[in-house]
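The block underneath contains the structure these notes are about, expressed in structure tokens.
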Protein chains: 2
Amino acid sequence: MTRPGSRSGTTMNDVAAAAGVSQATVSLVLNDAAGTRFSEETRRKVHAAVHELGYRTNAHAKVLRDGVAGMIGFVGDFVATAPFAGKIIEGAQARAWEAGLLLLAVNTGGDKALEAASLETMLSYKVAGVVYAAMYHRVLDVPDVLAELPAVVLNSRDRSGRFPSIAPQEELGGYMATKRLVDAGHRRIAMINIGAVDGELPAAAGRHAGYLRALREAGLDTDPRLHRIGDGHESGGFDNALALMTGPQPPTAIFCANDRTAWGSYQALAQLGLSIPHDVSLVGFDNQETLAPHLRPGLTTLELPFLEMGRRAIEVLLAGAERDGSTEYFECPLVERHSVAAPLKTATSF
Amino acid sequence: MTRPGSRSGTTMNDVAAAAGVSQATVSLVLNDAAGTRFSEETRRKVHAAVHELGYRTNAHAKVLRDGVAGMIGFVGDFVATAPFAGKIIEGAQARAWEAGLLLLAVNTGGDKALEAASLETMLSYKVAGVVYAAMYHRVLDVPDVLAELPAVVLNSRDRSGRFPSIAPQEELGGYMATKRLVDAGHRRIAMINIGAVDGELPAAAGRHAGYLRALREAGLDTDPRLHRIGDGHESGGFDNALALMTGPQPPTAIFCANDRTAWGSYQALAQLGLSIPHDVSLVGFDNQETLAPHLRPGLTTLELPFLEMGRRAIEVLLAGAERDGSTEYFECPLVERHSVAAPLKTATSF
DNA sequence: CCGTGCTGGTAATTCGTATAACCAAGCCCC
DNA sequence: GGGGCTTGGTTATACGAATTACCAGCACGG
């Protein structure tokens with residue numbers, strides 16, 4: 001009644017003994033080694049013994065001999081915790097698994113000591129490479145120890161330029177978001193940003209640059225009063241949307257540089273009795289899945305392609321992670337929902 | 001200028017050679033082995049060589065000899081992806097790290113083949129134990145292979161009763177949520193559930209049982225029309241809140257069995273022009289951090305103690321995970337915000 | 001001058017797997 | 001009838017660290 005191979009102590013020698021062959025034979029048969037020939041009878045006996053004993057290869061012995069483990073390290077600051085960035089780890093893990101690799105994941109919570117210790121441990125385990133991920137897009141300093149193996153910076157850029165980086169294409173995203181509003185017929189389009197344009201926040205700077213490009217391309221003037229600095233949270237959206245809509249020459253559309261900001265704007269507009277998209281059109285950024293689809297009306301927004309970015313990070317690692325310091329940018333696709341419509345025909349659209 | 005120990009190939013033998021001692025000496029000195037005596041001079045030379053060469057112990061060689069690895073497997077269905085359950089993995093990882101262990105995490109996405117393969121790989125790596133986690137509280141079937149090592153079921157219960165389980169105390173949560181409303185003076189309290197009470201959803205059944213207990217304890221009658229079955233999403237909250245408030249004898253308070261349901265109720269109440277908490281009080285469940293604090297007004301809700309549950313899972317593993325099939329329940333603390341107030345003095349409160 | 005005990009180390013073995021090198025038996029063919 | 005090829009395996013070793021058993025040298029006591 002007890003399953004035969006429940007003890008984890010079964011080794012290749014046990015299998016060999018049970019099958020009446022040598023340990024080498026077991027190894028060669030199991031690995032289907034090229035250039036070796038064994039009788040069908042022997043193969044059958046080996047496999048039968050493996051099954052009978054519940055043999056499982058000892059990965060450590062294998063790694064010790066082969067030098068490289070079937071694991072990839074994943075170090076993130078808050079990746080597993082962040083509401084939407086879990087996707088990034090999911091994508092990485094899925095791709096790693098396709099290559100037969102497991103992810104050794106650590107959330108440092110920003111703790112540099114933990115980060116250093118984790119990396120040491122990962123190196124001890126001879127991980128095939130390390131993905132160094134950040135919760136939000138920024139320019140960061142990569143620990144020196146990563147120079148010892150293939151490493152990729154994910155959702156950020158490496159300041160030192162030593163490592164390949166993978167980041168979202170912020171400028172194009174800002175452009176597409178704004179263009180969506182321009183194409184809908186809007187002529188007075190505000191932007192509520194998630195931070196200062198000159199700070200170390202590529203998302204704020206890039207999305208704003210795209211916003212400006214779309215406006216200029218459409219021949220619209222870029223009233224600086226229409227660009228407001230929020231904080232990336234609901235309150236930033238709430239306060240700024242309120243200010244924009246109650247001020248002189250209110251916009252007919254607002255590009256919110258993230259979904260939480262957009263949510264704050266929804267709340268402000270509701271308070272003002274303005275309807276979306278009838279009175280004001282809105283575009284967000286992030287496509288936060290716990291938020292954007294559930295707002296009423298659903299928020300049209302740009303998706304951060306975290307799943308793909310995570311996948312790609314592993315691919316770059318597997319390809320050797322050329323130490324050229326280049327950054328690979330991922331396009332953020334527009335996710336159409338119901339927060340954009342044509343502007344009301346008012347004096348401003350005349 | 002180049003860092004000395006950048007090559008990862010440095011072994012204990014290299015260190016021994018550089019220090020002019022034997023490999024055994026290096027090992028004994030580095031591990032500070034009890035009962036051995038080495039001169040200060042020798043110790044110094046060893047440490048100097050280690051530093052000079054950038055030696056790092058090969059974890060696989062160590063595990064191969066010692067038998068158990070410094071890793072714990074974490075298998076979840078959607079844990080990393082789920083909006084709030086990332087906490088569960090964060091807690092587990094933090095506790096594991098305190099014990100010097102790393103988490104080998106896999107998200108199966110519900111794929112049983114991937115799950116089986118991951119577990120095999122983890123066993124190959126001689127993980128010290130496995131946490132088998134579920135995104136939402138349910139009764140589940142644990143893969144047989146887990147019987148081979150210490151294993152804990154997290155955020156669910158093991159149907160077979162073979163493994164220790166860790167789950168939230170749903171009934172008490174439902175009781176506390178409802179009691180909060182009773183204590184505020186409400187006498188007609190509805191509940192919008194997240195599923196059927198008789199399904200395999202301990203959360204739905206437990207929270208409802210607690211709801212009933214609180215009502216009975218307060219001597220209130222339990223009008224079955226006040227208990228409505230939602231789907232756990234916004235729409236379930238929206239539709240049912242609408243129905244409740246526009247029906248006969250509307251409640252003055254609603255216990256929503258999760259925060260998303262509560263959010264849907266917010267939207268329905270807003271549409272009806274009812275204010276929270278003035279016209280209707282609301283209590284949620286989950287304390288979803290991307291949602292509950294950001295609603296206007298902030299949602300009073302019960303916290304799922306995922307961080308602590310994750311920590312506890314590792315502790316149970318470290319203690320050997322006694323195969324007694326017991327379930328350890330975690331209390332869900334009430335998080336007070338601003339969605340509960342005393343009912344308006346109407347005829348029903350008279 | 002020999003036995004005993006202490007100091008400060010070293011040699012050898014073990015863990016489980018992969019693989020290079022080797023080998024015995026059988027058969028063919030000149 | 002012996003050289004050479006094929007078939008079907010085996011033996012031996014390396015990977016890197018931990019640990020047990022052992023050992024050389026010296027001091028001391030009787």
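Below, chains carry the letters A, B, ... as their sequence lines are ordered, and counting in each starts from 1. Source: prediction; values computed, not measured.
The OH-C1' distance, from A/Y125 to D/dG16, rounds to 14 Å in whole Å. Regarding A/L64, its CG atom lies at a distance of 9 Å from the P atom of D/dA17, rounded to whole Å. Distance CZ (B/R44) to P (C/dG8): 16 Å, rounded to an integer number of Å. Between the NZ atom of B/K45 and the C1' atom of C/dG9 there is a distance of 11 Å, given to the nearest Å. To the nearest angstrom, P of C/dC15 lies 18 Å from CG of B/N58. One can place CE of A/M12 at 16 Å from C1' of D/dT13, the figure rounded to the nearest angstrom. Atom CG in B/L30 sits roughly 12 Å away from atom C1' in D/dA18 (whole-Å rounding). Whole-Å rounding puts the B/F38 CZ to C/dG8 P distance at 10 Å.
Proximity of A/S39 to the phosphate of D/dT7: no side-chain N or O atom is located under 4.0 Å from OP1 or OP2. Side-chain N/O atoms of A/Y55 include none lying less than 4.0 angstrom from OP1 or OP2 on C/dG16. Put simply, A/T57 has no side-chain N or O that comes within less than 4.0 Å of OP1 or OP2 on C/dG16. Dashed line: the shortest gap from a side-chain N or O of B/T11 to OP1 or OP2 of D/dC15 is not under 4.0 Å. In terms of phosphate contacts, A/K62 brings a side-chain nitrogen or oxygen within less than 4.0 Å of OP1 or OP2 of C/dA18.
Among the atoms of the strands shown, only primed sugar atoms or phosphate atoms (P, OP1, OP2) are found under 4.0 Å from some heavy atom of B/V21.
At a threshold of 4.0 Å, the pair A/K45-A/E40 does not count as salt-bridged, since none of the basic side-chain nitrogens sits closer than that to a carboxylate oxygen. In summary, B/E315 and B/R312 engage in a salt bridge, as defined by a charged side-chain N under 4.0 Å from a carboxylate O. Taking the charged nitrogens against the carboxylate oxygens, A/D77 and A/R138 do have a contact shorter than 4.0 Å, which makes a salt bridge. Under 4.0 Å is where a charged nitrogen must lie from a carboxylate oxygen, and between A/D141 and A/R162 no such pair does. A salt bridge is absent between A/R95 and A/E308: the closest approach of a Lys/Arg side-chain nitrogen to an acidic carboxylate oxygen does not fall below 4.0 angstrom.
Comparing A/S22 and B/H60 against DNA chain D, the residue whose closest nucleotide sits nearer the 5' end is A/S22.
A donor-acceptor distance shorter than 3.5 angstrom exists from the side chain of A/H47 to the backbone of A/R43, with no hydrogens or angles considered.
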I'd like a table of atom pairs between the protein and nucleotides 19-27 of chain C - only N or O on both sides, under 3.5 Å - with the distance next to each one.
residue : atom : partner : partner atom : Å
C/dT19  : O4'  : A/R65   : NH2          : 3.4

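A side-chain donor from one of A/E115 and A/Y132 sits under 3.5 Å from a side-chain acceptor of the other.
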